[in-house]
Amino acid sequence: MNNIKRIAISTGGGDAPGLNAVIHAAVYAARNRGWEIVGIRDGLDGLLDPESYPDGGLMKLTRGVVRDIAHLGGTILGTSNRGNPFNQPGGSNRAEILIQRFQQHKLDALISVGGDGTLSIARELNERGLRVVGVPKTIDNDLESTMTTFGFDSAVSFATECIDRLHFTAESHRRVMVVEVMGRYAGWIALHTGIAGRADAILIPEIPYHMTKIAAHVKRKTASRSRQYSIIVVAEGAKPVNGEVTLKEAANTGHVERLGGVGEIVAGQLHELTGKETRSVVLGHLLRGGQPTSLDRSLGLIFGAAAVRALAEGQDGVMVAVNPPRIDYVPLKEATAKLKRVPADGYAVTTARTLDISFGD
Ligand code: F6P
């Protein structure tokens, strides 16, 4: 009915634990329907630049190749996070080249696994006639149209483990430890890590902070004899009231804006205001590495299998969304249109406040 014989799968943007589970499930689901499936290396680079790869940029995917990968971190296909190739010089030409290459390789459809950048590239290819189903990927948990994505639980679990460790050293030295975590313009990772890790303050992009209020909170809490140290979790996108986010230097960033450095600034200012010894730690890419938790592994399998079912059902130009108990197919155009940000009056923020965790507001 859908005339599919051979499909491709690609993973683009930053990696996230659970990507290999998506690939595993997509390959099994496709092979079970008698379809061939190949993996494109490094996002779409394998098709754009085949001569750079000994295997021509495409990896034949059989059950044997993916049998033992669902529990592994990273992506066996590689990925690329250099921004949209179509927004660079010669962009529209590159889109045409890609469409031709899909035809040359007799690829009937693409499963594109990625975040907002990757899915907007997928949408552009879809608008030029390629059959596409997207799978959302982000450790940041910031896509409005899907209740959840894989990678987030692994990131929060590992960050919580790190904070558990920091409690010991912070307590021994009676220090203030500032921990910066990823999340871009959403504070989900910081919020859930801060609650689980029993932080004293959580700074997130959705609630701009007053440094003086955090300092007062730290002073009050450390005045008690029972806890003379503090743990502050800072989202990389956090910013002060009337201030801006902290960006890394432009060098080596391609076209993608890179956040980072706010933790060090907060630590310095807290030292000035409280007189306490402070240290800052950036967890950064440690949150993306490692194996997926069992939740992220099963989410990856759910997304991969659903993407193949979507193609088999004739869906096109959609992203798979997990909104329990339903799996939805959301048009790619809508899928990445809106960021899911932490509601300042939501239950998680309320819980944190009940536990005497400050947001600096
Ligand atoms: O979107 C996922 C993410 O890990 C963000 O939390 C972070 O800001 C960004 O990617 C880092 O990307 P890169 O791998 O390019 O440093």
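Start at 1 with the first residue, then count along the sequence. Quantities reported herein were computed from a predicted structural model and do not represent experimental measurements. Read the numbers this way: they start at 1 and go in the same order the structure lists the ligands and their atoms.
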Next item on the list: Within a distance under 4.0 Å of any heavy atom of E236, pick out the atoms of ligand 1 and give their elements.
Entry: 5 (C), 6 (O), 7 (C), 8 (O)
Note to self: Strictly below 4.0 Å, N to O, side chains only: are K239 and E244 in salt-bridge contact?
What the structure shows: no
Margin query: Can you name the atoms of ligand 1, numbered from 1 with element, that are less than 4.0 Å from a heavy atom of H285?
Written below: 13 (P), 14 (O), 16 (O)
Note to self: I'd like the name of whichever of D140, N141, L259 reaches closest to atom 1 (O) of ligand 1 through any heavy atom.
What the structure shows: D140
Notebook entry, point to check: Can you find an N/O atom of I139 closer than 3.5 Å to an N/O atom of ligand 1?
Noted result: no
Next item on the list: Before signing off on this row, confirm whether T138 and ligand 1 have an N or O atom pair separated by under 3.5 Å.
Entry: no
Next item on the list: Answer yes when K340 and E144 have at least one side-chain N-carboxylate O distance shorter than 4.0 Å, and no when they do not.
Entry: no
Next item on the list: Have a look at R184, M182, R288, K137 and point out the one with the heavy atom closest to atom 12 (O) of ligand 1.
Entry: R288
Note to self: Do the side chains of K137 and D296 get close enough for a salt bridge, i.e. N-O under 4.0 angstrom?
What the structure shows: no
Note to self: Whether D200 and K221 form a salt bridge (side-chain N of Lys/Arg under 4.0 Å from carboxylate O of Asp/Glu) is what I want to check.
What the structure shows: yes
Check: Do NZ/NE/NH1/NH2 and the carboxylate oxygens of R184 and E257 come within less than 4.0 Å?
Finding: no
Notebook entry, point to check: So does R288 pair up with D15, basic N to acidic O under 4.0 Å?
Noted result: yes
Check: For ligand 1, which atoms have a heavy atom of N81 less than 4.0 angstrom away?
Finding: 12 (O), 13 (P), 14 (O), 15 (O)
Next item on the list: Could you list which atoms of ligand 1 come closer than 4.0 Å to a heavy atom of G183?
Entry: 6 (O)
